[in-house]
Every structure is written in structure tokens, then in C-alpha cells.
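Atoms considered below: every heavy atom in the structure, side chains included; atoms not considered: hydrogens, waters and symmetry mates.
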Amino acid sequence: GQVYVYKKGVADSSGQAQYDLWQTLTPNTLSQVGARFGEVVEMSGDSSTIVVGVKQYDDSTLADQGIVFVFKKSGQTYLEVENLRQDTAQANTKFGTTVQIGADATDLLIGCPRETVTQPNEGTVYHFVNQTSTHTGDGSTTAFVPSFTVEKYTRLFVSTDTVNWAFDDSSSPLATTYHVNESTNTVTLSSTPALGETITISQYQKAQKILSQPAEVEGQFGTTIALTGNDLAVYSANGNNTRATSLLMMDRLNLMKLHLMLAVLVFLPLCWTQALFNYIQNMRHPFYTMKHFHMLEQQLMTPLEKHLQ
């Protein structure tokens with residue numbers, strides 16, 4: 001698979017602006033047939049970061065473990081800078097089934113719906129935070145100590161306005177590279193940043209593993225997630241159907257909306273009243289058809305894929 005990046009360009013003869021192909025994203029380290037790179041993709045609100053979930057990625061002998069690729073914008077070009085995995089390698093966990101990224105790219109949420117923690121296939125959601133350190137070049141220094149502790153097995157984004165440094169290995173597509181001394185937490189660059197130039201060093205690091213409450217056998221918590229501001233909604237595909245919904249959070253306006261609907265029932269024709277009661281009855285069922293949903297401000301929206309009787 002591939003991810004195509006478009007930018008809205010000049011208007012056509014009708015006066016409507018058109019999207020023009022800008023860049024094609026492919027991972028440097030992934031060549032597996034059937035991995036389905038690009039099936040899950042999200043872009044931060046500031047357009048600085050694109051994340052791509054590859055839920056059918058095979059790691060060594062583990063099928064469908066999953067992986068998430070992070071692309072960051074440098075100038076007008078997106079570069080692959082990190083790939084993220086789950087804590088403990090497990091087969092068929094499908095890490096990256098769904099991804100959400102905050103507006104400023106600080107928070108990254110990744111669904112891993114078939115991970116086993118205490119219950120088989122209970123599922124988890126990983127919360128990563130983008131740690132960032134900035135430095136100013138003096139025209140001679142090539143070694144910098146980030147304000148955060150660099151994690152050993154995850155790569156870094158190291159960039160200025162004009163130069164990007166890739167991890168120093170044979171797969172690096174760039175001539176400019178960096179090296180990390182783990183004992184001193186020092187990042188050393190292969191070339192010298194110019195005097196006064198700002199060097200940005202960043203890395204996504206795991207802040208939390210979010211679990212369903214309670215953990216459920218085959219719950220597949222993290223099948224779908226939605227993020228807006230500080231609010232996160234998580235869907236369990238096989239959540240406990242004795243609860244009103246297997247979402248951890250619904251929008252704060254639902255109760256008020258329901259009261260309003262009940263208040264106007266007496267003013268509705270009989271046919272409309274029956275339809276509204278059917279809708280309210282459906283709200284009592286678990287949303288096991290909720291494969292996709294999206295959250296805007298205080299509202300959670302989902303397509304109901306089949307009518308519940």
C-alpha cells in the first residue's frame with residue numbers, strides 16, 4: 001500500500017480550488033505483501049504529522065502483530081521518522097487497527113484490540129506523547145543532550161529548517177545522520193548546524209496503556225477510538241452487552257437530547273412517535289455495529305450499520 005498526500009492548489013476554470021498530488025508515502029523498512037500499509041491513516045490538525053497503522057504487519061514469526069509508522073513534515077516534505085510497536089510482541093494483536101492524533105501532534109492514541117493482558121484478546125489502547133527538545137546551534141557543536149531521556153528502541157526526529165538527520169544505519173535514505181550515546185543521553189550529528197539555527201529533537205514515548213473497565217474476554221477494546229481535545233472515546237467490539245453501551249464515554253449532551261425528545265412526543269403525529277420510540281429503544285442496545293465513529297467537540301457521531309430490532 002501507499003499513502004498519497006494532496007495539497008489544495010490553484011482554482012480551476014470554474015473557480016474551485018483543486019487538490020493536487022504532493023507526495024507519496026511508503027515505508028523505508030516495510031516490504032511485506034498483504035501488510036495493507038495505508039489502510040489506517042490520520043493527520044494532525046496542524047498537518048505536522050501523519051501516522052499510518054499497519055495492523056497486518058508480521059514481525060519475524062509473529063503474524064499480524066501490527067506496527068505504526070510516523071511521518072513528520074520537514075519544510076514541505078513528510079519524512080518517515082519513527083515506527084511504534086506494542087510492549088510485548090504477540091501474534092494477531094493487530095496493533096494499529098485504529099489511530100488518533102491530537103491537533104498539535106502531542107498525543108497519539110493507538111488501538112491494539114486483540115492484545116492479551118489479563119484476559120484473552122481483551123484489547124488495549126496505547127497513549128504515546130511526543131517528547132520534544134530544542135537547541136540552538138553555535139556553528140561548531142554537533143553533540144546535543146535532549147531534555148528527555150531517549151528510548152533505545154525508537155528512532156528520533158532530528159531536524160532544522162534546512163537539514164534532517166536520519167538514524168545512522170544502512171537503511172537511512174539521507175546522507176546526514178545522527179547517533180545516540182545511551183549512557184550519556186547524547187545525540188551526535190554527522191554535520192554541524194549553522195550558527196543560530198534551531199535544532200528540534202523529538203520522539204514519541206509511551207505514557208500509558210489504557211485498559212477496559214473491567215477487562216473482558218474477547219472484548220477487543222480499542223477496535224475504534226476517537227479523540228478531540230482532552231476527550232477520548234474507545235469502542236469494544238465485543239463489550240459486555242449487559243451495559244447500555246460498550247463505549248467508555250458518550251457525549252455530554254445525550255441526556256439533554258433524550259429529555260427534549262420525550263418532551264415533544266405529545267406534539268408529534270402517531271407515526272413519528274412510533275419511529276422515535278424505536279430509536280430510543282435502539283439506544284438501549286450495545287453498539288456492536290459501531291465500527292466507525294467520530295467525535296466533534298462535545299458530540300459523538302456514529303453510523304448505525306444495521307437496524308436493531
Do Lys73 and Ser47 have side-chain atoms, one donor and one acceptor, less than 3.5 Å apart?
yes
Set of side chain to side chain contact (heavy atoms under 4.5 Å, CB included) partners for Thr192, sequence neighbours left out:
Thr142
Do Trp165 and Ser191 have side-chain N/O donor and acceptor atoms under 3.5 Å apart?
yes
Identify, with sequence neighbours excluded, every residue that meets side-chain hydrogen bond (donor to acceptor under 3.5 Å, both in side chains) alongside Thr24.
none
Is the shortest heavy-atom distance from the side chain of Leu227 to the side chain of Ile101 under 4.5 Å?
no
Looking only at heavy atoms, the pair that brings Thr26 and Phe37 closest together is CA-CE2, 4.2 Å
A side-chain contact here means heavy atoms from C-beta on lying under 4.5 Å apart; do Ser159 and Val163 qualify?
no
Where at least one partner belongs to residues 176-206, residue pairs that pass ring-ring contact (aromatic ring centres under 6.0 Å, His included), sequence neighbours excluded
Phe167-Tyr178
Just by distance, with hydrogens left out, do Ser212 and Glu216 show a side-chain donor and acceptor under 3.5 Å apart?
no
Counting C-beta onward and ignoring hydrogens, is there a side-chain heavy-atom pair between Phe221 and Val234 closer than 4.5 Å?
yes
Taking the side chain as every heavy atom from C-beta outward, state whether Val52 and Val40 have any pair of such atoms under 4.5 Å apart.
no
Check step by step if side chain to side chain donor-acceptor pair (under 3.5 Å) holds for Asn130 and Thr106.
CA-CA 5 Å; Asn130 189 36; Thr106 296; 5.9 Å; no
Looking at CG of Leu79 and CZ of Phe157, how far apart are the two atoms once the value is rounded to the nearest 0.5 Å?
7.0 Å
Any side-chain donor near an acceptor of the partner, Asn185 and Thr149, under 3.5 Å:
no
Carefully, step by step, assess Thr93 and Gln86 under the rule side chain to side chain donor-acceptor pair (under 3.5 Å).
CA-CA 9 Å; Thr93 54; Gln86 64 191 120; 2.6 Å; yes
Using a distance-only test with no angle check, is there a side-chain donor-acceptor pair under 3.5 angstrom linking Thr141 and Asp138?
yes
Residues that Gln208 engages under side chain to side chain contact (heavy atoms under 4.5 Å, CB included), provided they are two or more places apart
His127, Ile210
The complete set of salt bridge (Lys or Arg N to Asp or Glu O under 4.0 Å) pairs with one or both residues in residues 184-211, sequence neighbours excluded, reads Asp87-Lys206, Asp87-Lys209, Glu115-Lys209
Smallest heavy-atom separation, Pro146 atom then His135 atom, equals CA-NE2, 3.9 Å
Considering only Ile, Leu, Val, Met, Phe, Trp and Tyr, and joining two whenever side-chain heavy atoms are under 4.5 Å apart, list the other residues clustered with Tyr4.
Tyr6, Tyr19, Leu21
Trace of the side chain to side chain donor-acceptor pair (under 3.5 Å) decision for Thr77 with Trp22
CA-CA 9 Å; Thr77 303; Trp22 188 263; 5.3 Å; no
Please determine, by modelled atom types, if Glu151 and Gln203 share a side-chain donor-acceptor pair under 3.5 angstrom.
no
